[in-house]
Amino acid sequence: MTADCLFCRIVAGEIPATKVHEDDVVLAIRDINPQAPTHVLLMPRQHVASAADLSEADTPLLGRLFSAAADLARSEGLDGGWRLVVNVGPDGGQTVDHLHLHLLGGRRMHWPPG
Ligand code: 5GP
Ligand code: ZN
């Protein structure tokens with residue numbers, strides 16, 4: 001737990017969030033400012049600042065995050081497809097420095113992203 005980290009505080013239950021999945025490794029919550037009909041944030045319970053800090057030792061963690069995303073896409077009924085986004089650093093548009101996957105779906109996505 002990193003005391004000044006927003007998502008660590010959500011994991012710890014200090015800040016409320018709408019949880020859609022929780023297990024021993026992963027927490028998934030609805031984004032407070034959704035960019036699509038489904039917009040879920042999947043994060044590890046443990047603090048990892050960004051994807052730039054990942055190493056091969058994090059392979060199991062990433063497997064859990066991705067499989068939880070696929071399970072949620074199914075339970076959200078995103079049968080036509082969906083998108084996972086990981087913003088990294090200021091140029092990548094990252095605003096919360098705790099690793100998270102954006103699961104977006106329920107509308108047609110565009111490419112290239114902004
Ligand atoms: P990033 O910009 O770091 O990739 O994504 C951070 C996301 O967290 C944004 O989509 C933003 O709307 C969301 N967010 C910021 N503060 C909160 C909050 O307090 N609760 C929830 N549920 N989402 C938040
Ligand atoms: Zn954190």
Side-chain angles (χ1 to χ4, degrees):
M1 159 101 188
T2 300
D4 60 354
C5 171
L6 173 65
F7 286 174
C8 279
R9 296 189 66 195
I10 287 176
V11 167
E14 293 176 11
I15 294 174
T18 304
K19 297 178 184 176
V20 291
H21 171 83
E22 197 172 13
D23 62 40
D24 55 329
V25 175
V26 177
L27 173 66
I29 62 172
R30 298 214 182 270
D31 197 292
I32 206 168
N33 182 22
Q35 302 300 313
T38 291
H39 188 171
V40 169
L41 303 171
L42 297 104
M43 63 194 74
R45 288 185 169 283
Q46 75 179 74
H47 182 83
V48 177
S50 100
D53 296 318
L54 292 168
S55 70
E56 201 171 344
D58 297 304
T59 302
L61 171 65
L62 292 172
R64 294 289 293 270
L65 283 166
F66 273 74
S67 65
D71 287 346
L72 276 167
R74 267 187 292 275
S75 62
E76 293 278 316
L78 306 179
D79 302 330
W82 37 284
R83 182 172 286 179
L84 284 180
V85 173
V86 181
N87 297 324
V88 183
D91 282 0
Q94 185 175 7
T95 59
V96 177
D97 290 336
H98 180 127
L99 177 67
H100 52 282
L101 274 55
H102 296 256
L103 170 64
L104 296 154
R107 66 167 171 84
R108 182 62 67 96
M109 298 295 155
H110 307 291
W111 197 263

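Start at 1 and go down the list; that is how both ligands and their atoms are numbered. Here the structure is a predicted model, which is why all the values come from computation and not from measurement. Values below: every heavy atom of this structure, side chains too, minus hydrogens, waters and symmetry copies.
- Annotation for ligand 1: atoms under 4.0 Å from non-hydrogen atoms of Phe7 are 8 (O).
- Side-chain atoms of Leu84 and Phe66, non-hydrogen and from C-beta on, do get closer than 4.5 Å to each other.
- Given atom 2 (O) of ligand 1, the protein heavy atom at minimum distance is Thr95 OG1, 2.8 Å.
- When side chains are defined from C-beta on, Val20 counts as touching Arg30, because their heavy atoms get closer than 4.5 Å.
- Residue Ile29 has at least one heavy-atom neighbour below 4.0 Å for each of these atoms of ligand 1: 22 (N).
- At least one side-chain heavy atom of Asn87 sits less than 4.5 Å from a side-chain heavy atom of His102.
- The contact set between ligand 1 and His100, taken as ligand atoms under 4.0 Å from a residue heavy atom, comprises 1 (P), 3 (O), 4 (O), 5 (O), 6 (C).
- Side chains of His21 and Leu42 form no contact here, defined as non-hydrogen atoms less than 4.5 Å apart.
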| request: Could you give me the CA-CA distance, side-chain angles and deciding distance for Phe7 and Leu27, then say whether side chain to side chain contact (heavy atoms under 4.5 Å, CB included) is met? | output: CA-CA 10 Å; Phe7 286 174; Leu27 173 66; over 6 Å; no

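- Atoms of ligand 1 found under 4.0 Å from any heavy atom of Leu6, numbered from 1 in the order shown, are 16 (N), 17 (C), 19 (O).
- Of the angles at the Zn ion (ligand 2), the one spanning SG of Cys8 and SG of Cys5 is 120° when given to 10°.
- On a distance-only criterion, Asn87 and ligand 1 share at least one N/O pair closer than 3.5 Å.
- Taking distance alone, with nitrogen or oxygen atoms compared against 3.5 Å, Gln94 stays at or beyond that limit from ligand 1.
- Taking the Zn ion (ligand 2) as reference, His47 places its N/O/S atom ND1 nearest.
- Residue contact check for ligand 1: Gly93 places a non-hydrogen atom closer than 4.0 Å to it.
- Side-chain contact between Trp82 and Thr38: absent, with no pair of heavy atoms (C-beta onward) separated by less than 4.5 Å.
- Not a single heavy atom of Gln35 sits closer than 4.0 Å to an atom of ligand 1.
- Using a cutoff of 4.0 Å between basic side-chain nitrogens and carboxylate oxygens, Arg64 and Asp23 are scored as salt-bridged.
- For a threshold of 3.5 Å applied to N or O pairs, the pair formed by Val96 and ligand 1 contains at least one separation below that value.
- Ranking the protein heavy atoms by distance from atom 22 (N) of ligand 1 puts Arg30 O, 2.9 Å first.
- In this structure, Val40 and Leu101 have side chains that are not in contact, with every pair of non-hydrogen atoms separated by 4.5 Å or more.
- Protein heavy atom closest to atom 18 (C) of ligand 1, with residue, atom name and distance, is Ile32 CD1, 3.9 Å.
- Test Val86, Val88, Leu99 against Leu54 for side-chain contact (heavy atoms from CB on, under 4.5 Å) and you get one pass: Leu99.
- With hydrogens left out, the protein atom closest to atom 12 (O) of ligand 1 is Asp31 OD1, 2.5 Å, a heavy atom.
- Heavy-atom contacts of Asn33 reach the following atoms of ligand 1: 12 (O) (cutoff under 4.0 Å).
- No side-chain heavy atom of Val25 sits under 4.5 Å from any side-chain heavy atom of Arg45.
- The Zn ion (ligand 2) lies closest to atom ND1 when only the N/O/S atoms of His98 are considered.
- Here the closest non-hydrogen pair linking Asn33 and His39 is O-ND1, 4.0 Å.
- With a 4.0 Å heavy-atom cut-off, ligand 1 is reached by no atom of Val86.
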